Amino acid sequence: MADPRAALLPLFRAAIGAAFGAEHADTDPALRPSAHADYQVNAALALAKRLKRPPREVGTAIVAALPPNEIIERTEVAGPGFVNVWLSLGHLSQELAAVAATPSLGVVPAPRPDTVVLDYSSPNVAKEMHVGHLRSTIIGDALARVLEALGHRVVRQNHLGDWGTPFGMLIEHLLDGGAEAAEHSIADLNAFYQAARQKFDADPAFAERARRRVVMLQGGDEGTLALWRRLVDASKRYFARVYALLGITLGDADIAAESLYNPMLAEVVAELRQQGLAVESDGATCVFPPGFTGREGEPQPLIVQKQDGGYGYATTDLTALRYRLRTLGATRLIYVVGAPQSQHLAMVFRAAELAGWLAAPARAEHVAFGSVLGADKKMLKTRAGDTVRLIDLLEEAVTRARAIVDDKSPELEPDERAAVARAVGIGAVKYGDLASDRVKDYVFDWARMLAFDGNTAPYLQYAHARIRSIFRKGGVSVPEPGAIALAAPSERALALAVLSFPTVVGEVGELLAPHKLCGYLYELATSFSAFYEHCPVLKAPTEAERRSRLALADVTARVLARGLELLGIEAPARM
RNA sequence: GCGCCCGUAGCUCAGCUGGAUAGAGCGCUGGGCUUCGAACCCAGAUGUCGGGGGUUCGAAUCCCUCCGGGCGUGCCA
């Protein structure tokens, strides 16, 4: 109820019903935030058409029919028929006090919580994590946090690529004398992978051994499996280190690797065959979901069993989907996967619907995202043209942030500067990724993401630290939130921004659009800056105003910190 | 060829299920530190919303079409 919109909506619904009768009672009041007032109601223009009455007259009738209440201070009918609404100060301060009194800051649990199975990050065993994993990991983790805040049960699934033909050559190369490599860091394993690859391409005898080794691996040969596990375990340890540095909530318990589904693949294919969905085509077993065509307009297959009897990723994806629905009890399946895979996923979802696995109320959604580009507008690479290692990127972020912190805040102890540099550097990378519409590509630009101006993590962190600084400086604690009284325009604007937090979090959870939370936090921070400029806090004219402003500043800081936390970004008290 | 995505100020991007003069940041111009963190703030200039049709009282937003760019389009994942 924190957001005034939640209180206003029923009032306007009632007014429309009372003014125009039951047949119009379910008309959406079209309540929106307004540049001309606190909020505006746009329903009069649409209603005027149906009622064949002038829109302004309709607006006036709506206002006249409003039930008595303590919420609305005043209204006006403006322009062609917009109803502008201003809230009463009493209501605002009351709601603000209520929000300030709760740790959730007004975010209320969903009435019907979903079991959300969230697929994100998904690196490959025995391969370095690179920029290609950045977006899925960051976006997925932010969504996990947001959905949990909304009271949903979130089951994270890190779909590790731990299976498939490359492991034949990796294991053979391991046996060829690189045995100690698996005990070393994944950086060695990465070179290890490249060496294996090179041998595979150049040496037919090695390639043949690799193929046989794949068969042994898939056949469950114990010695082969032992070698495979060494690769997997070394990789898991490495991923854990990267996640720790990035501040990602994925742990070992969230790993649901491809190999988990191996025992279920044959059964899934059998079931699809039984249903008549999977049919033979060119020696392979395929499902042809309607509506998908290939180059020549022919039906596009989902290959669930290859000519050689092996299973590809389509089978694994279908099996994982079924497992998530049946075993994990998912009501909402979310895949944080790059946009290029949208057709593949659409086909998998469609096939799952045809098989009867995916059915309402359960739903599956592809959270698609664009690419990370370099300054040349092409996929981000190193100067040498190699893929950028994620760990290098993150370490550079911290190093760059450290240089800024050393320069701006030499008074902080070295340990604190290091912690702040980490929060700022990692936060900048994450926020830079989350701040724009995920479906678009974005250009990776250190200067822009680390800037203290504009819609960046450092700007938000700075706004937060300035608020905390007020309390440090004043040596004061947070007053009772009941003390909040709003007088100045910038106080009122800030209060409205604070109260919008729950609505925004809800939207982000529904639309799976973290950039809306970023945009909101940026507006909140700019609202605070204006307030801070115009309204002295510690030196407020009266004690009552001082207490009110302290309380308002505190609840703002908490929303900023909580919002950043939902994005996976730290908010240091000093920086 | 077909399918999906993108095209908004010089640059980077917002614009919520259509709503009032299309908004921010950077950059540019001009201001503000003996007063709570100037890592900041205030003011100003800047647009054929890719083009053209259509629906609507009203379109950046919905529909159609064209142009430009990206991605996908059977045994890699």
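Remember, predicted model here, so these are calculated numbers, not experimental data. The chains referred to below are lettered A, B, ... by the order of the sequence lines, with proteins before strands, and numbering in each begins at 1.
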Among B/rG19, B/rG7, B/rG32, which nucleotide sits nearest the side chain of A/Phe82? B/rG19
A/Leu517 atom CG is separated from B/rA14 atom P, nearest whole Å, by 15 Å
Measure from the side-chain heavy atoms of A/Val439 and tell me the nearest of B/rA20, B/rC6, B/rG74. B/rC6
Please table the atom pairs, donor to acceptor, closer than 3.5 Å between any side-chain atom in residues 286-306 of chain A and protein atoms at least two apart or in another chain.
unit_1: A/Glu298; atom_1: OE1; unit_2: A/Glu296; atom_2: N; d: 2.9
unit_1: A/Gln305; atom_1: NE2; unit_2: A/Gly309; atom_2: O; d: 2.9

Answer for the Watson-Crick or wobble partner of B/rC2, both distances under 3.5 Å, is B/rG72
Write down the distance separating the C1' atoms in B/rU12 and B/rG31, rounded off to the nearest Å. 26 Å
If the P atom of B/rA14 is compared with that of B/rG68, how far apart are they to the nearest Å? 25 Å
Would you say A/Lys377 reaches B/rG70's phosphate, i.e. side-chain N/O to OP1/OP2 under 4.0 Å? no
Using the closest heavy atom to pick a nucleotide of RNA chain B for each, name whichever of A/Gly283 or A/Gly297 lands nearer the 5' end. A/Gly297
d(A/Tyr39 OH, A/Leu496 CG) to nearest 0.5 Å is 5.0 Å
Output the single nucleotide from B/rG25, B/rG72, B/rU12 whose closest atom is nearest the side chain of A/Pro340. B/rG72
Between the side chain of A/Ser136 and the main-chain N/O of A/Ser121, is any donor-acceptor distance below 3.5 Å? yes
Near RNA chain B, which residues from residues 497-515 of chain A have a heavy atom under 4.0 Å away? A/His515
Nearest-angstrom distance, C1' atom, B/rC75 to B/rU55: 46 Å
When the aromatic ring centroids of A/Tyr335 and A/His159 are compared, is their separation below 6.0 Å? no
Check: A/Asn84/A/Glu76 side-chain N/O donor and acceptor closer than 3.5 Å: yes
Would A/Arg50 and A/Thr27 count as a side-chain hydrogen bond (donor to acceptor under 3.5 Å, both in side chains) here? Give the steps. CA-CA 11 Å; A/Arg50 284 197 274 152; A/Thr27 302; 3.0 Å; yes
Quick check against the 3.5 Å criterion: does A/Arg417 have a side-chain atom that pairs as donor or acceptor with the backbone of A/Asp406? no
Length of the CD-C1' vector between A/Gln343 and B/rG70, whole Å: 15 Å
Can you tell me if A/Tyr532 is stacked onto the base of B/rC41, using a 5.5 Å centroid cut-off and an angle below 30°? no
Side chain of A/Tyr522 (C-beta onward), nearest among B/rG74, B/rG25, B/rA77: B/rG25
Using the C1' atom as the reference point in each nucleotide, state the distance between B/rA60 and B/rU48 in Å, no decimals. 13 Å
Would you say A/Arg448 places a side-chain N or O within less than 4.0 Å of OP1 or OP2 belonging to B/rC13? no
Using the ring pair (Phe, Tyr, Trp, His ring centres under 6.0 Å) criterion, which residues pair with A/Trp446? Sequence neighbours excluded. A/Phe444
Between atom CG in A/Asp445 and atom C1' in B/rC13, what is the gap in whole Å? 13 Å
What about A/Ser342, does its side chain sit under 3.5 Å from the base of B/rG3 through a donor-acceptor pair? no
A/Arg213/A/Glu172 ion pair, N-O < 4.0 Å: yes
In Watson-Crick or G-U wobble terms, both distances under 3.5 Å, what is the partner of B/rG44? B/rC28
Kindly point out which of B/rG74, B/rA14, B/rC36 is positioned nearest to the side chain of A/Cys286? B/rG74
N/O donor-acceptor pair under 3.5 Å between A/Gln461 side chain and A/Ala423 backbone: yes
Using the C1' atom as the point on both nucleotides, what is the distance between B/rU8 and B/rA59, in whole Å? 14 Å
Looking at A/Ala488, is its backbone amide N or carbonyl O close enough to the side chain of A/Glu491 to form a donor-acceptor pair, meaning the two atoms are under 3.5 Å apart? yes
Is there a donor and acceptor pair, one atom on the side chain of A/Gln40 and one on the base of B/rA20, closer than 3.5 Å? yes
Assuming nearest nucleotide by heavy-atom distance, tell me which of A/Arg295 and A/Ala573 is located more 5' along RNA chain B. A/Arg295
Ring centre gap for A/Phe349 and A/His366 strictly below 6.0 Å: no
Using the C1' atom as the reference point in each nucleotide, state the distance between B/rA9 and B/rG25 in Å, no decimals. 12 Å
Output the single nucleotide from B/rC42, B/rA39, B/rA20 whose closest atom is nearest the side chain of A/Ile404. B/rA39
Would you say B/rA77 has OP1 or OP2 under 4.0 Å from some side-chain N or O of A/Lys127? no
For residues 453-464 of chain A, which residues have at least one heavy atom under 4.0 Å from RNA chain B? A/Asp453, A/Gly454, A/Tyr459, A/Tyr462
Value in whole Å for how far the C1' atom of B/rA39 lies from CG of A/Asp406: 14 Å
Sequence neighbours excluded, which residues qualify as side-chain contact (heavy atoms from CB on, under 4.5 Å) partners of A/Ala540? A/Glu545, A/Arg546, A/Arg549
Any idea if B/rC62 is syn or anti, going by the 90°-from-0 cut? anti
So, A/Asp554 and A/Arg468, do they make that salt bridge, N to O below 4.0 Å? yes
Are the ring centres of A/Tyr459 and A/Tyr462 closer than 6.0 Å? no
Tell me which residues in residues 301-311 of chain A lie within less than 4.0 Å of RNA chain B, going by non-hydrogen atoms. A/Pro301, A/Ile303, A/Lys306, A/Gln307
With a 3.5 angstrom cut-off on both distances, give the Watson-Crick or G-U wobble partner of B/rG23, or none if there isn't one. B/rC13
Both distances under 3.5 Å, Watson-Crick or G-U wobble: report the partner of B/rG7, or none. B/rC67
Could you tell me how far apart A/Asp437 (CG) and B/rU61 (P) are, to the nearest whole angstrom? 16 Å
Whole-Å distance separating the CZ atom of A/Phe452 from the P atom of B/rA39: 9 Å
Atom CG of A/Asp441 and atom P of B/rG69 are separated, to the nearest Å, by 15 Å
Rounded to whole Å, how long is the line connecting atom NE2 of A/His366 with atom P of B/rC5? 12 Å
Pairwise C1' distance for B/rU17 and B/rC62, with rounding to whole Å: 11 Å
